[in-house]
Amino acid sequence: MRLKFNYFILLLTGLLFTGCREDNVIPFTTDRQVNNWIYQEMKSWYYWSGNIPENPDYRQAPDVFFYGLLYSYHPTLRPDGDRFSWIQLSADELKSSLSGETTTTGMEYVLYTVEGSSDVFGTILYTLPGAPAALAGLQRGDFFTGINGTPLTSQNYRSLLGASGTKKYTLGTLNEAGKVIAGSREVTLTPVRFQEDPVHFDTLFTIGAKKIGYIVYHQFFPSANNSDDKLYDKKLERIFARFKQDNINELILDLRYNSGGYVSSATHLASLIAKGVTDESIFCLKEYNPAITGILKKKYGDDFFQDKFTSLPQNIGNQLQRVYVLTGKRTASASELMINGLKPYLSTVVVGQQTVGKNVGSVTISETKKRTNWGLQPIVSKSFNSLHQSDYAAGFVPDIPSDEGHVLYRYGDPRDPLLGPALEAIAGTVTARKSQPPGTLPVHELLSTLEPRAGYGNMFEVLPPPDDFNN
């Protein structure tokens with residue numbers, strides 16, 4: 001019988017190999033002790049464990065020590081190397097962020113500078129319902145040009161936006177010359193601890209005989225932090241039940257900002273979409289380092305390395321001939337796993353920008369005896385689809401290329417430069433399309449709030465409890 005694990009569990013080598021715990025725990029007091037723990041964990045779990053240095057300098061700070069162990073990517077020397085492992089000072093903060101709980105104003109944005117100018121402005125990508133930004137009336141496509149009364153420039157934007165606490169945002173407007181300028185409205189926002197709902201938006205379109213379901217999904221996680229109620233997976237089920245009842249025959253899955261998350265949620269969403277799958281159909285195959293492969297295989301058999309679909313009554317696969325996936329340059333990891341895993345079962349049309357190219361997964365490792373607060377997120381596996389294909393390390397190249405630009409439309413607006421081409425392809429009326437309105441000034445991207453957050457570009461494995469290895 002294939003084992004299924006329905007929640008994400010932290011692992012550490014001490015429990016893995018001995019299963020022992022001490023009643024009186026003495027915290028680590030030196031970097032050497034922390035680094036010794038890091039080294040043992042990485043030698044056990046790291047996908048490239050055979051490339052870890054044999055005699056590292058244990059006197060270094062833990063983060064420096066960790067990054068020195070990595071088989072880091074280099075375009076010519078190590079093109080197969082690691083681009084995604086990281087370490088974080090607070091394991092608790094790491095774990096909560098991976099489930100969508102962060103301290104935030106509830107908006108994600110991109111900063112731009114106007115070509116030939118030092119002026120800087122922000123474009124809001126989206127706001128989270130119920131968070132401060134949304135409650136203040138901010139929406140996708142809004143602009144801001146200043147912080148606390150000071151206009152943003154290429155010289156001051158980092159200090160103004162990097163400051164903690166409450167900020168007053170000067171909102172901007174697009175003038176007739178296509179330039180974003182300061183408006184008269186200001187909005188004060190204070191960050192709060194907030195849980196994101198990743199199932200952000202859904203709607204239906206009808207074009208002739210085509211009934212089209214559209215869903216925006218921002219990150220793959222099943223539940224709120226510290227919960228195993230599968231709240232968000234169940235929300236997806238309700239949406240697809242409506243899609244099925246409405247007899248949709250086309251689907252658009254918007255993953256343009258989705259940088260990854262839990263493999264379990266990717267498998268769940270794929271189970272609602274794939275055509276003709278059963279509980280025995282393979283969604284993805286996983287490959288680990290040789291040492292941990294031997295342990296896992298001995299304990300669980302070959303089925304452990306296969307993530308299989310689940311037969312769900314809400315599945316709409318038999319109503320579809322294809323699925324359109326909207327992608328951006330930050331679409332990564334579990335989102336790419338979705339595309340790769342669906343391809344053997346359903347024609348998959350990619351619309352947008354080339355994706356990141358992450359075909360590897362990670363686990364969260366913390367010291368469960370609480371002898372250190374550090375948390376590790378190392379790459380531990382490589383993923384393949386049922387045809388054993390994993391050839392997207394450079395990202396998926398879109399079938400219909402399009403860049404959304406900095407003048408955005410609300411989700412569900414057919415003028416959107418990614419949604420519009422997908423609707424036109426479905427309707428069979430593809431036309432030339434520009435991503436920006438006529439006369440819009442050229443700009444250069446400075447940064448995005450989507451990139452530095454914990455979990456960017458990562459795919460989180462679901463592994464068995466450590467005590468299971470000792471039974």
Side-chain angles (χ1 to χ4, degrees), residues 1-8 47 198-199 215 217 219-222 230 232-234 236-237 239-240 251 253 255 258-288 293 296-297 300-325 327 331-350 355 357-363 379-393 396 458-464:
M1 177 180 178
R2 178 175 176 269
L3 295 176
K4 293 186 179 180
F5 304 99
N6 297 319
Y7 51 93
F8 185 73
Y47 181 70
V199 191
I215 183 167
Y217 190 54
Q219 195 173 355
F220 289 87
F221 49 88
K230 303 299 181 64
Y232 305 129
D233 282 354
K234 291 176 182 177
L236 286 172
E237 291 176 7
I239 291 171
F240 277 82
L251 177 67
L253 179 61
L255 303 178
N258 192 317
S259 61
Y262 291 90
V263 173
S264 61
S265 287
T267 307
H268 184 78
L269 178 55
S271 297
L272 293 165
I273 299 171
K275 191 181 187 72
V277 296
T278 70
D279 290 340
E280 293 304 312
S281 303
I282 294 174
F283 172 58
C284 72
L285 303 164
K286 296 174 292 187
E287 175 185 85
Y288 299 87
T293 294
L296 293 169
K297 188 172 183 177
Y300 300 110
D302 289 335
D303 271 5
F304 182 85
F305 305 94
Q306 305 173 353
D307 281 331
K308 295 181 179 179
F309 290 94
T310 302
S311 294
L312 296 173
Q314 304 89 349
N315 175 279
I316 62 170
N318 290 335
Q319 300 170 206
L320 305 175
Q321 296 300 316
R322 68 194 66 81
V323 59
Y324 290 83
V325 183
T327 63
T331 301
S333 193
S335 291
E336 295 170 302
L337 183 75
M338 274 285 301
I339 297 170
N340 198 49
L342 286 174
K343 279 182 175 292
Y345 302 94
L346 192 65
S347 176
T348 305
V349 182
V350 177
T355 62
K358 182 174 183 296
N359 57 356
V360 289
S362 66
V363 296
I379 295 301
V380 300
S381 66
K382 183 176 181 179
S383 296
F384 304 80
N385 66 17
S386 62
L387 302 178
H388 213 79
Q389 297 166 331
S390 186
D391 53 354
Y392 58 96
F396 285 104
N458 268 275
M459 181 163 57
F460 313 121
E461 293 288 344
V462 178
L463 293 176

Worked verdict on Leu251 versus Tyr324 for side-chain contact (heavy atoms from CB on, under 4.5 Å): CA-CA 6 Å; Leu251 177 67; Tyr324 290 83; over 6 Å; no

Main-chain N/O of Leu346 paired to Thr348 side chain as donor or acceptor, under 3.5 Å: yes

Student check: side-chain heavy atoms of Lys275 and Gln319 closer than 4.5 Å: no

Geometric cation-pi criterion, Lys286 with Phe304: 6.0 Å, 45°: yes

Side chain Thr310, main chain Leu312, donor-acceptor under 3.5 Å: no

Close side-chain approach of Leu269 and Phe240, heavy atoms under 4.5 Å: yes

Intermediate values then yes/no, side-chain contact (heavy atoms from CB on, under 4.5 Å), Thr327 and Phe396: CA-CA 9 Å; Thr327 63; Phe396 285 104; over 6 Å; no

Phe283 ring center near Phe309 ring center (under 6.0 Å): yes

N/O donor-acceptor pair under 3.5 Å between Ser347 side chain and Arg322 backbone: no

Tyr262 and Gln219: side chain donor to acceptor below 3.5 Å: no

Side chain to side chain, Ile316 and Leu272, heavy atoms closer than 4.5 Å: no

Full working for side-chain contact (heavy atoms from CB on, under 4.5 Å) between Val325 and Met338: CA-CA 10 Å; Val325 183; Met338 274 285 301; over 6 Å; no

Rounded distance [0.5 Å steps], CD in Glu287 versus NZ in Lys382: 6.5 Å

Distance, nearest 0.5 Å, that separates NE2 of His268 from NZ of Lys230: 8.0 Å

Residue pair Gly276 / Ser281: nearest heavy atoms and the distance that separates them: O-OG, 4.5 Å

Pairing of Glu336 and Lys358 as salt bridge, 4.0 angstrom limit: no

Pairwise side-chain contact, Leu253 with Ile215, heavy-atom cut-off 4.5 Å (strictly under): yes

Check: Tyr232 ring centroid to Phe221 ring centroid under 6.0 Å: yes

Asn359/Ser390 under side chain to side chain donor-acceptor pair (under 3.5 Å): CA gap, chis, key distance, verdict: CA-CA 7 Å; Asn359 57 356; Ser390 186; 3.0 Å; yes

Side chains of Ser386 and Tyr345 in contact at under 4.5 Å (non-hydrogen atoms): yes

Residue pair Ser311 / Asp279, side-chain donor-acceptor N/O under 3.5 Å: yes

Test item: Asn258 side-chain N/O and Ser335 main-chain N/O as donor-acceptor pair under 3.5 Å: no

Check: Thr355 side chain, Ala332 main-chain N or O, donor-acceptor pair, under 3.5 Å: no

Test item: side-chain donor near acceptor, Thr267 and Asp307, under 3.5 Å: no

Heavy-atom donor-acceptor pair, Asp233 side chain to Ser265 backbone, under 3.5 Å: no

Within-4.5 Å side-chain heavy-atom neighbours: Tyr217 and Pro198: yes

Beyond-backbone contact of Tyr300 with Phe305, side-chain heavy atoms, under 4.5 angstrom: no

Check against side-chain contact (heavy atoms from CB on, under 4.5 Å), Asn385 and Leu285: CA-CA 6 Å; Asn385 66 17; Leu285 303 164; over 6 Å; no

SG on Cys284 to CG on Leu337, rounded to 0.5 Å: 5.0 Å

Approximate separation, where rounding is to 0.5 Å, of Lys308 NZ and Ile282 CD1: 6.0 Å

Salt bridge (Lys or Arg N to Asp or Glu O under 4.0 Å) involving Lys234 - partner list, sequence neighbours excluded: none

